[in-house]
Enquirer: 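What follows is a structure written as structure tokens; I'll ask about it next.
All values derive from a computational prediction rather than experimental measurement. Below, chain A is the first sequence line, B the second, and so on; all start at residue 1.
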There are 2 protein chains.
Amino acid sequence: MGEHGHPYSPAELELLGFVPQRLSQGEILAPFLGASLLVALAVWLISGRCGCRSSKADRLLMCWWAFTGLTHILLAGHFLFTPDLFSRENPSYFDELFKEFSKGDSRYAARDNAIVALEVVTIGFKGPASLLAVYAIASRKSYSRILQFAVCLGQLYGCLFYFVTAYLAGFNFWASPFYFWAYFVGANSSWVVVPTLIAARSWKKISAAFRAEKVKTR
Amino acid sequence: MGEHGHPYSPAELELLGFVPQRLSQGEILAPFLGASLLVALAVWLISGRCGCRSSKADRLLMCWWAFTGLTHILLAGHFLFTPDLFSRENPSYFDELFKEFSKGDSRYAARDNAIVALEVVTIGFKGPASLLAVYAIASRKSYSRILQFAVCLGQLYGCLFYFVTAYLAGFNFWASPFYFWAYFVGANSSWVVVPTLIAARSWKKISAAFRAEKVKTR
């Protein structure tokens, strides 16, 4: 804990009424990872039995979209609708999760405008659209590919914006190199790597569909 | 001109060494609109004669992509690579254009982080991708639709971010209601309306291509 009453960087960040974190790193991360795995497992099992004959690739995609959609909605929702989450007397699990994650990026604790704007877009567009993607894949909608491409692009654009604003604002928001690599780079990079892979796959499939159409109309 | 030596809002914004605007509104807007129309006209005429037998809709799209691509690259480029543009002794036309446009959003004059981050993405992705779209349409590439959709989504995401960060940061960046409606809302809304139309059209065409593919493989 720094002399300013919080563990975040930069130390001079003012957090009036900050209530210190009570749960340990393990007590915060284990339920998050456990719940995420449970969601993915449930979607995997249900998609294999629902009679929609999805391919394994499509079932994996549904797991990802269910995980990312729920994460977007629950976390962005909690952050946006609990402005006092760092000073609540009886902190909830989600309050504690944000206290832990802020060690990798104190702009969450400071409620930086760029972060709030990103979370507004996350809950307004990316979260609901991710859950819609689960439904679209399961029911083989013709808009499934373009929807997935759109959400991936939103996630990539959001990450780009997230990293560029951090760079411009001083690039000093992590409590130690461990939190820089584990949270700021590590945790966020899932939303760079997976959307890049899905977007590239969608791009190829969509281009191939138009090539086929061109050949047909010749 | 306010007592702080500049015409922008909020008045207490500090702009050290600010060199007042010399060109009038007309002298700034007329060349911009004239050059934009010239670019569009040139693309329209060339695309009608180059033997690529593009439809009128595709030729109109090429005009838009050429206009928006050049605007993105020239303006974002000037803004990013001329950090002293508000204090240069011998201001260029582009310096004056940013001085005028800042009357609708002084975050340009203040070099607000959100604006700089948006301009980084504009010059790094949206500008070059817009010009690539002109080529892709002209040479009927199979990735033409998905590329246009991607750039539109980037533009819409950028506008959303632009407006949300302005709202969060105080929503008081225009010198008068005229500049609010003409520049902040009016000028920016082109990059909401046109990308929405093109993205909706691409979405429909891509969904239709997958419907056709599904029928074929039944």
Enquirer: Look at A:Leu160, A:Thr165, A:Leu118 and state which one has the largest set of heavy-atom pairs under 4.5 Å with chain B.
Expert: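 Among A:Leu160, A:Thr165, A:Leu118, the one with the most close pairs to chain B is A:Leu118.
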
Enquirer: Is the positively charged end of A:Arg140 above the ring of B:Phe210, judged by distance under 6.0 angstrom from the centroid and angle within 45° of the axis?
Expert: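 Negative - A:Arg140 is either too far from the ring of B:Phe210 or too far off its axis.
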
Enquirer: Which word best sums up how the rings of A:Phe171 and A:Trp174 line up, parallel for under 30°, tilted for 30 to 60°, or perpendicular for over 60°?
Expert: perpendicular

Enquirer: B:Ile206 versus chain A, heavy atoms under 4.5 Å apart: side chain, backbone, both or neither?
Expert: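 For B:Ile206, the contact with chain A is made by backbone and side chain together.
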
Enquirer: So which of A:Ser142, A:Ala209, A:Ala199, A:Ala169 has the largest heavy-atom pair count under 4.5 angstrom toward chain B?
Expert: A:Ser142

Enquirer: Under 6.0 Å between ring centres, would you say that holds for A:Phe184 and A:Phe173?
Expert: no

Enquirer: Quick one: does any side-chain atom of B:Thr68 pair with a main-chain N or O of B:Trp65 as donor and acceptor, under 3.5 Å?
Expert: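 No: the side chain of B:Thr68 does not pair with the backbone of B:Trp65.
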
Enquirer: Under 4.5 Å heavy-atom distance to chain B, tell me which part of A:Leu156 shows up: side chain, backbone, both or neither.
Expert: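 It is neither, since no heavy atom gets under 4.5 Å.
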
Enquirer: Counting heavy-atom pairs under 4.5 Å with chain A, which one of B:Gly124, B:Ala150, B:Ala208, B:Ser144 comes out on top?
Expert: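 Max contact count across the listed options: B:Ala150.
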
Enquirer: Is A:Leu153 close to chain B through its backbone or its side chain, or both, or neither, when contacts mean heavy atoms under 4.5 Å?
Expert: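 Only the side chain of A:Leu153 comes within 4.5 Å of chain B.
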
Enquirer: May I ask you to decide if B:Lys99's main-chain N or O and B:Ser102's side chain share a donor-acceptor pair within less than 3.5 Å?
Expert: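 It does not hold such a pair.
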
Enquirer: With chain A, which of B:Phe125, B:Phe149, B:Tyr143, B:Phe161 has the greatest number of heavy-atom pairs at distances under 4.5 Å?
Expert: B:Phe161

Enquirer: Are a donor atom and an acceptor atom from the side chains of B:Thr82 and B:Arg88 found within less than 3.5 Å of each other?
Expert: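 No, because no side-chain N or O of B:Thr82 sits under 3.5 Å from a partner of the opposite role on B:Arg88.
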
